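Predicted model, so just to flag it, every value in this text is computed and none were measured. Counting convention: from 1, in listed order, for ligands and their atoms alike. Computed from heavy atoms alone, side chains included, the values below leave out hydrogens, waters and symmetry copies.
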Amino acid sequence: MENGAAKPVIVAIDGPSGTGKSSTSKAVAAQLGLSYLDTGAQYRAITWWMVTNGIDIADPSSIAAAAGKPEILSGTDPTGPTITVDGVDVAGPIREQDVTSKVSAVSAVPEVRARITELQRAIAASAVTGIVVEGRDIGTTVLPDADLKIFLTASAEARAARRSGELKGADLHTTREALIKRDAADSSRKTSPLAKADDAVEVDTTDLTLQQVIECVVTLVEEKRAGK
Ligand SMILES: Nc1ncnc2c1ncn2[C@@H]1O[C@H](COP(=O)(O)OP(=O)(O)OP(=O)(O)O)[C@@H](O)[C@H]1O
Ligand SMILES: Nc1ccn([C@@H]2O[C@H](COP(=O)(O)O)[C@@H](O)[C@H]2O)c(=O)n1
């Protein structure tokens, strides 16, 4: 760059539920002084708005017609990310089971994806030092020119154990089945499904600690910045 400032670095981290995308992305962004965007939170936020406003989740045309209405704002500080809908802080409500069980249906609607993808690209373009963006279709669709693409995986057993630990001992079998069902819906939708980009680096986190995954991704970003 002309003034000698480093070019912003764009990192895309995708993968199924519970593979560690959020924990890893936040820590990597904080360590490297980058912004952080949780795109799942945006899909959850628009789902929350649809539910709160009585939109029929079983009717894609009703969802499509309402997709442009809510104003969704994401705060991108990795040490305190925020999410609001029409000025309401929805960080808590979007993690509730009702939203989790409906988000795949809402996020499959092309008009919803077009709206949210536009927001995501604008946020990434305005990140001064760079950004870590995590989701399902970041490397394939949202930011296909990202400097580094990572695809995190882990066995269904490991992911369910992590999640049920987080949900204070929720039944392992039920948690595993719910994860598998959501991944199947996200992978099989027509528009921008959950998928690994051809040029993504796959990291299997099943037998790695969170700290090991963070170190691995930080090293990959630093190598990319050094032009290796
Ligand atoms: N490598 C790891 N080893 C053990 N636990 C982990 C590891 N990575 C993440 N976790 C834990 O697993 C849980 C899920 O992680 P996280 O929310 O980061 O996953 P995610 O991929 O973003 O999930 P989702 O897509 O459902 O939001 C968290 O409690 C986190 O602390
Ligand atoms: N890029 C993305 C990110 C998320 N989704 C959808 O949102 C759901 C919730 O995501 P979490 O990461 O918070 O679990 C996810 O199951 C997808 O339906 C998406 O479509 N694209």
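- Residues Arg44 and Asp98 are not paired through a salt bridge, judged by the lack of any N-O separation under 4.0 Å between the basic side chain and the carboxylate.
- No hydrogens or angles considered: a donor-acceptor pair under 3.5 Å links the side chains of Thr141 and Ser192.
- Taking a cut-off of under 4.0 Å to the non-hydrogen atoms of Asp137, the atoms of ligand 2 that pass are 1 (N), 2 (C), 21 (N).
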_Chi angles and distances behind the salt bridge (Lys or Arg N to Asp or Glu O under 4.0 Å) call for Lys26, Asp77_ = CA-CA 9 Å; Lys26 264 189 274 192; Asp77 176 348; over 6 Å; no
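- With respect to atom 14 (C) of ligand 1, the closest heavy atom belonging to the protein is Arg163 NH1, 3.4 Å.
- Under 4.0 Å from ligand 1, the heavy atoms of Arg136 that appear belong solely to its side chain.
- Looking only at side-chain heavy atoms (C-beta outward), Ile63 and Glu111 stay at 4.5 Å or farther from each other.
- At a 4.0 Å cut-off, at least one heavy atom of Arg182 sits close enough to ligand 1 to count as contact.
- Closest to atom 19 (O) of ligand 1, if we only count protein heavy atoms, is Gly20 N, 3.2 Å.
- For ligand 2, the atoms sitting less than 4.0 Å from at least one non-hydrogen atom of Gly135 are 1 (N), 3 (C), numbered in the order shown with element in parentheses.
- When non-hydrogen atoms are compared, ligand 2 lies under 4.0 Å from the side chain of Asp186 (C-beta onward) but not from its backbone.
- The backbone N or O of Ala108 sits nowhere less than 3.5 Å from a side-chain atom of Arg113 that would complete a donor-acceptor pair.
- Between Gln120 atom CD and Gln42 atom CD the span is 4.5 Å, to the nearest 0.5 Å.
- Remark: the backbone N or O of Ile123 is paired with a side-chain donor or acceptor of Ser126 at under 3.5 angstrom.
- Taking 4.0 Å as the cut-off, Glu134 does not count as a neighbour of ligand 2 on heavy-atom distance.
- A distance-only check finds a donor-acceptor pair linking the side chain of Thr39 to the backbone of Glu134 [under 3.5 Å].
- The atoms of ligand 2 that sit less than 4.0 Å from any heavy atom of Arg95 are 13 (O).
- Considering only non-hydrogen protein atoms, atom 12 (O) of ligand 1 sits nearest to Arg162 CB, 3.2 Å.
- Of the candidates Arg136, Arg113, Gln120, the one placing a heavy atom closest to atom 20 (O) of ligand 2 is Arg113.
- Heavy-atom contacts of Lys21 reach the following atoms of ligand 1: 18 (O), 19 (O), 20 (P), 21 (O), 22 (O), 23 (O), 24 (P), 25 (O) (cutoff under 4.0 Å).
- If you check the side chains of Ser17 and Arg136, you find a donor sitting under 3.5 Å from an acceptor.
- Counting only heavy atoms from C-beta outward, the side chains of Val9 and Leu148 never approach each other to under 4.5 Å.
- For atom 3 (C) of ligand 2, the closest heavy atom belonging to the protein is Thr39 OG1, 3.3 Å.
- Protein heavy atom in closest approach to atom 5 (N) of ligand 2: Tyr43 CD1, 3.5 Å.
- Of the candidates Ser164, Ser22, Pro16, Ser23, it is Ser23 that places a heavy atom closest to atom 15 (O) of ligand 1.
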*Determine, step by step, whether Lys7 and Asp147 satisfy the salt bridge (Lys or Arg N to Asp or Glu O under 4.0 Å) criterion, reporting the C-alpha distance in whole Å, the side-chain angles of both residues, the deciding distance to 0.1 Å, and the verdict.*
CA-CA 11 Å; Lys7 180 179 167 284; Asp147 299 293; 3.4 Å; yes
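- Contacts between Arg44 and ligand 1, counted as non-hydrogen atom pairs separated by less than 4.0 Å, are absent for every part of the residue.
- Remark: minimum distance from atom 28 (C) of ligand 1 to any protein heavy atom is reached at Glu166 OE2, 3.2 Å.
- Counting only N and O atoms by type, the side chains of Asp186 and Ser104 include a donor and acceptor under 3.5 Å apart.
- In terms of protein heavy atoms, atom 14 (O) of ligand 2 is closest to Arg182 NH1, 2.9 Å.
- Counting atoms of ligand 1 from 1 in the listed order, those under 4.0 Å from a heavy atom of Leu208 are 1 (N), 2 (C), 3 (N).
- If you look at Ser104 next to ligand 2, the close heavy atoms, those under 4.0 Å, come from the backbone and the side chain alike.
- Of all the heavy atoms of Thr24, none lies under 4.0 Å from any atom of ligand 1, so neither backbone nor side chain is involved.
- Under the 4.5 Å side-chain criterion, counting only non-hydrogen atoms from C-beta, Leu152 is in contact with Thr24.
- In this structure, Gly18 counts as a contact residue of ligand 1, since one of its heavy atoms falls inside 4.0 Å of the ligand.
- By the criterion of a heavy-atom distance under 4.0 Å, the side chain of Arg44, and not its backbone, is placed next to ligand 2.
- With respect to atom 6 (C) of ligand 2, the closest heavy atom belonging to the protein is Ser107 OG, 3.7 Å.
- No side-chain heavy atom of Asp59 sits under 4.5 Å from any side-chain heavy atom of Ile57.
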